[in-house]
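The structure under discussion appears below in the form of structure tokens.
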Protein chains: 4
Amino acid sequence: MAMIADRAGVGAGTIYRYFENKDVLIAELHRELEEKMTAAVGKGYSKEMPIRVRFLHLGTSLLKYFIENPLEFRYLEQFHNSPYGVDYRRDKILGKQEGCNIFRDLFEDGVSQQVMKDLPLVILFALAFGPLLAVARDHILGFIALDEVLIVWTIEACWDGVRR
Amino acid sequence: MAMIADRAGVGAGTIYRYFENKDVLIAELHRELEEKMTAAVGKGYSKEMPIRVRFLHLGTSLLKYFIENPLEFRYLEQFHNSPYGVDYRRDKILGKQEGCNIFRDLFEDGVSQQVMKDLPLVILFALAFGPLLAVARDHILGFIALDEVLIVWTIEACWDGVRR
Amino acid sequence: MAMIADRAGVGAGTIYRYFENKDVLIAELHRELEEKMTAAVGKGYSKEMPIRVRFLHLGTSLLKYFIENPLEFRYLEQFHNSPYGVDYRRDKILGKQEGCNIFRDLFEDGVSQQVMKDLPLVILFALAFGPLLAVARDHILGFIALDEVLIVWTIEACWDGVRR
Amino acid sequence: MAMIADRAGVGAGTIYRYFENKDVLIAELHRELEEKMTAAVGKGYSKEMPIRVRFLHLGTSLLKYFIENPLEFRYLEQFHNSPYGVDYRRDKILGKQEGCNIFRDLFEDGVSQQVMKDLPLVILFALAFGPLLAVARDHILGFIALDEVLIVWTIEACWDGVRR
DNA sequence: GATGAATGAGCGTTCATTCAT
DNA sequence: CATGAATGAACGCTCATTCAT
């Protein structure tokens, strides 16, 4: 908190006028970033396209978004690997189903149209986003240099994992 | 550190006779767990088997190992999501190539035999282990209940992602 | 201060137009409450009554007032148990003699008419108000349930302490 | 806490090796002081003495103890005027009756032998200790100068308040 | 070699007060 | 006059590390 206040060029107390406490700050920043990300990824996307196209569109958009916004990616990753993120996922999976529907819709459609493997949603998510996040992380850390081609190949490989 | 010393039944200072500091302790514990894991996973494994069999063997063994040793899995995950883990991977990927060769060998063989996609090793790793880790995490957190069948299907889906 | 401004329905800064600072606000509120209390207690009181009657009147009135206005009592007690209250008493006892004369007059009359013990005023105050405040506090905290009879008995016991 | 550590000439953290937290420190210090006080006051005291003598002994001893140990008195007063003290009293009065029996015993004996007024214990306590504490406070703050004689007179006046 | 008391920078948070608008 | 955003010293507490014994 001290560091954030410092970088924001404000006093230590000022932060608490805008966020009730650290947890709230973290949660709100997460929500904001996720919204921004969802918006960016949803550009040029339509439910009317074939499943495969939708998957490739969403996958490449997301991967590119992460690569172009490494700081946001790092935040999102840290969030999901923290107790905050676990609670968040638990609410989302076990609680009333809302938010982030763009991805769920795609997978539900994919399964019901028998284009994707008939596996639980959670596993399909893992198959699609597991590699995607790993690859984004490795690029940002400098372990690979992703280019347009590599991005597409990677997402297509993810598609192979997910499709029938 | 105090808690570890306590559970070990030694004084707070004693720990520093065996580990220079917290970072070193973490790194050494990691190495030990990874060795144990590699050994477990390598049981019944042979380089002479066909690539696909080797992949399925290693994948299912690993996933089962994580499910049976959730504490170790949590440690390994936390480690890799921390600065320690990043440094570790950097050394491993960019530095002198050693350790954990069992996996690298498999992917190198897979690529050279043209059974796997011709992608950088790092991406193949992401394709294989990304979903695996995600699925292990979700199982341990209670978001899915993996059984024998689901485990095999998951690893086979990973194989689809990786194979030509 | 923020809470007070809030409940008053004004901005946080506005309070400082009416009170130089927190200390002044506390002191002024104290003065106001003491005035109100003195007025209430003085109802139906006359210096012409016999000392004992005056004492019992003032004592029971005061005790009843506290019981009926527990919030005010709590404020007054907190005030007197704080550095503010100590300073206030110091000024009152050692400094120029004013204020709250109704009580002093009674005790001075009591001593000079040889109805009360010939003790320093401060001690007579302690004998009279010490138990009264203690009993009011205990009632408000729920340690006793004072009724009309108990109140009178208590004040009469105080009188026993004070009288010759 | 910082101030205490400072005056003790130790680091900020050291204090927590001896007291779990601030509340515990406060409670333990209180217990220690009360024990010490009870011991001092009980010197030369016997349940076999007549009630009046017991009362005068305990009263004068206590008052003298406070005067000789002004710091302890201030601590005890602050404690009892704080939430800690209120909770403590609540436990003592409403909970299982233990501790500080020397005083309760005296009052119970006094009432049952019909030497003291037939009032609730809480009120008798107020009658006896209310003035005593007030007088001790005023002495310590320099509002009166108590001497041997004044002390005895004060306690005798308290006795008048309490006795039949 | 083992101990555990001591350390102190750092944590997240509060709140009386100021001052530009 | 009134506002409320901004302040920053202070709070109670933690914990990896040291060092005299």
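In the text below, chain A, chain B and the rest are named by the order of the sequence lines, each starting its count at 1.
Remark: C1' of E:dC11 and CE of A:Met3 are 14 Å apart, rounded to the nearest angstrom. One can place OH of B:Tyr16 at 17 Å from C1' of F:dA20, the figure rounded to the nearest angstrom.
Counting heavy atoms from C-beta outward, B:Leu62 and B:Phe129 have side chains that approach closer than 4.5 Å.
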Donor-acceptor list for residues 19-26 of chain C side chains, cut-off 3.5 Å, not counting sequence neighbours:
{"unit_1": "C:Asn21", "atom_1": "OD1", "unit_2": "C:Asp23", "atom_2": "N", "d": "3.1"}
{"unit_1": "C:Asn21", "atom_1": "OD1", "unit_2": "C:Val24", "atom_2": "N", "d": "3.1"}
{"unit_1": "C:Asp23", "atom_1": "OD1", "unit_2": "C:Tyr84", "atom_2": "OH", "d": "2.8"}

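Looking at residues two or more places apart in sequence or on another chain, you find a side-chain contact (heavy atoms from CB on, under 4.5 Å) between D:Leu29 and D:Leu33, D:Tyr75. Applying the ring pair (Phe, Tyr, Trp, His ring centres under 6.0 Å) test to C:Tyr65 and every residue at least two apart in sequence or in another chain returns nothing. Residues forming a side-chain hydrogen bond (donor to acceptor under 3.5 Å, both in side chains) with D:Asn69 (at least two apart in sequence, or on another chain): none. For B:Phe73, the ring pair (Phe, Tyr, Trp, His ring centres under 6.0 Å) partners at least two apart in sequence or on another chain are B:Phe66. Here A:Arg90 pairs with nothing under the side-chain hydrogen bond (donor to acceptor under 3.5 Å, both in side chains) rule; sequence neighbours left out. With sequence neighbours left out, C:Ala8 forms a side-chain contact (heavy atoms from CB on, under 4.5 Å) with C:Val10.
In DNA chain E, runs of at least 3 consecutive Watson-Crick or G-U pairs, each pair with both distances below 3.5 Å, span E:2-21 with F:2-21.
Residue B:Phe19 is classed as having no contact, given no heavy-atom separation below 4.0 Å to the nucleic acid.
Side chain of C:Tyr18, nearest nucleotide from E:dA16, F:dA2, F:dA16: F:dA2. In this structure, of F:dC13, E:dT18, F:dT17, it is F:dT17 that holds the atom nearest to the side chain of B:Met1.
For residues 65-87 of chain C, every residue pair satisfying the salt bridge (Lys or Arg N to Asp or Glu O under 4.0 Å) rule, not counting sequence neighbours, is listed here: C:Lys36-C:Glu72, C:Glu77-C:Arg137. Within the structure, no pair that satisfies the side chain to side chain donor-acceptor pair (under 3.5 Å) test touches residues 6-16 of chain C, not counting sequence neighbours.
No donor-acceptor pair closer than 3.5 Å links the side chain of C:His139 to the backbone N or O of C:Val135.
Nearer to the 5' terminus of DNA chain F, by closest-nucleotide assignment, is the contact made by D:Glu20 (compared with the other of B:Glu20 and D:Glu20). The nearest heavy atom of DNA chain F to D:Ala2 and to B:Ala2 marks one nucleotide each, and the one closer to the 5' end goes with D:Ala2.
In terms of phosphate contacts, C:Arg17 brings no side-chain nitrogen or oxygen within less than 4.0 Å of OP1 or OP2 of F:dC1.
Using a 4.0 Å cut-off on heavy atoms, the residues of residues 6-15 of chain A that approach DNA chain F are A:Val10, A:Gly11, A:Ala12, A:Gly13, A:Thr14, listed by number. Using a 4.0 Å cut-off on heavy atoms, none of the residues of residues 21-33 of chain D approach DNA chain E.
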